[in-house]
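Counting starts at 1 for both ligands and their atoms, in listed order.
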Amino acid sequence: MARKRILITGAAGFLGSHLCDRFIKEDFHVIAMDNLITGDLRNIEHLFPLENFEFYNHDVSKFVHVSGELDYILHFASPASPIDYLKIPIQTLKVGSLGIHNLLGLAKDKKARILIASTSEVYGDPNVNPQPEEYWGNVNPVGPRGVYDEAKRFQEAITMAYHTFHGLETRIVRIFNTYGPRMRLNDGRVLPAFIGQAIRGEDLTVFGDGSQTRAFCYVDDLIEGIYRLLFSDYAYPVNIGNPDEITIREFGEEIIKLTGTKQQLITKPLPTDDPKQRRPDITKAKELLGWEPKVSRAEGLKITYDYFKSLPQDLIEKIEHKDFSTYNK
Ligand code: UDP
């Protein structure tokens, strides 16, 4: 039987590259796409020799062409860290609006099922904790996070419209904070920031008083949840994340213990609109997909720390190695 064909956008990124690995393992033909603004070919270079893997360097906010049949699309292209979307706000908006429009058009044309990466950011700075899918959120559209939050909210809206109006098979995953190997050490997110600082012998920068909470999911658990959702028959959003909630200050202390660094926590100003609390309600994922996270933070952090330690020295030293300046068109 011919292999099923799947298009994965954002394929050279953190989650995209893990999805490529999973679908290759399941014997799919993987068509990978990325414009490499925040993605990195090193994440997928081990797949290039395979006959069931192809890669296109393309920006999906421009017309997307794929020749031949297509059974599935996973839309994971987007900057995804607060630092990134502050630097490339226009690109962030475009990939979540023009990009998804192109991919929905492609899905309709090919009669493919499409799953889109949404985010806990659709809940903004939430007034309820944990957040169930029914919660509509508390988002500031014109704040610094607005470019990401509103693009993702638009993405959900247009995906539902294609589902109801065109009968397209659609899936929406709301991804909560996720970590693991292949995160960019310098993307500004808290976990690579803390581990990078520990490895370089710098103090760990806690933003605000550190009482804000997050709940961190190990990447393998997340990929399993997404895989199950794709093959479910549920078109409404589903939260995938680990409900094990922790304050950022406690998290910093865990990283100090894990890495054995002699450095300490120091305080920096809290960024604008930084959510005070975040934790997924995963009742739906449990009931619909029989899914729940399996990897504890202790296990996941150990694997991730070992990965970061193994990176070449120049990646560890350099705080910023990407020039985004030409992308805000
Ligand atoms: N944070 C921090 N120090 C850092 C980077 C982030 O204290 O060096 C905080 C940030 O203010 C937020 C939390 O850690 O409250 C998670 O931030 P991240 O950027 O990882 O993702 P978010 O969940 O805010 O999208």
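Heavy atoms of E121 approach ligand 1 to within less than 4.0 angstrom. Taking a 4.0 Å cut-off on heavy atoms, Q197 fails to register as neighbouring ligand 1.
Of all atoms in ligand 1, numbered sequentially from 1 with element shown, those under 4.0 Å from a heavy atom of P82 are 19 (O), 25 (O). For ligand 1 and V206, the ligand atoms under 4.0 Å from any heavy atom of the residue are 7 (O). Every atom of ligand 1 with a heavy atom of G188 under 4.0 Å away is listed here by number and element: 5 (C). The ligand atoms of ligand 1 that sit less than 4.0 angstrom from a heavy atom of A193 are 8 (O).
The protein heavy-atom contact nearest to atom 8 (O) of ligand 1 is T205 OG1, 3.0 Å. Distance from atom 14 (O) of ligand 1 to its nearest protein heavy atom, with residue and atom name: V190 CB, 3.3 Å. Distance from atom 5 (C) of ligand 1 to its nearest protein heavy atom, with residue and atom name: F207 CE1, 3.4 Å. Shortest contact from atom 9 (C) of ligand 1 to any protein heavy atom: Q212 NE2, 3.9 Å.
Residue nearest to atom 25 (O) of ligand 1, selected from K268, R145, M183: R145 (by heavy-atom distance).
N35 has its side chain within reach of Q91: a pair of non-hydrogen atoms, C-beta onward, lies under 4.5 Å apart.
With a heavy-atom cut-off of 4.0 Å, I248 touches ligand 1 through its side chain alone. Within the 4.0 Å heavy-atom criterion, the part of P271 lying near ligand 1 is the side chain and not the backbone. Counting heavy atoms under 4.0 Å from ligand 1, residue D274 touches it through the side chain alone. Looking at N177 against ligand 1, only its side chain comes within 4.0 Å, counting heavy atoms. With a 4.0 Å heavy-atom cut-off, ligand 1 is reached by the backbone of R189 and by its side chain too.
For K4, the NZ atom is loosely surrounded, since the number of other residues' heavy atoms within 6.0 Å does not exceed 12. Residue-environment remark: NZ (K111) stays at or below the threshold of 12 foreign heavy atoms within 6.0 Å. More than 12 heavy atoms of other residues, nucleotides or ligands lie within 6.0 Å of OH in Y234, so this atom counts as buried by the packing criterion. Within a 6.0 Å sphere centred on NE2 of H101, other residues, nucleotides and ligands contribute 12 heavy atoms or fewer.
Salt-bridge annotation for D84 and R184: present, with a side-chain N of the basic residue lying under 4.0 Å from a carboxylate O of the acidic one.
Considering both main-chain and side-chain atoms, R278 comes within under 3.5 Å of ligand 1 through a nitrogen or oxygen pair.
A ring-centre distance under 6.0 Å is found for F23 and Y227.
Q263 and D203 form a side-chain donor-acceptor contact under 3.5 Å, judged by distance and modelled atom types alone.
Here the options are K294, K25, R22, the test is salt bridge (charged side-chain N to carboxylate O under 4.0 Å, His left out), and the partner is E224; only R22 passes. A salt bridge (charged side-chain N to carboxylate O under 4.0 Å, His left out) with R297 holds for exactly one of E245, E254, E250; it is E254. Here the options are R174, R278, R153, K152, the test is side chain to side chain donor-acceptor pair (under 3.5 Å), and the partner is E121; only R278 passes.
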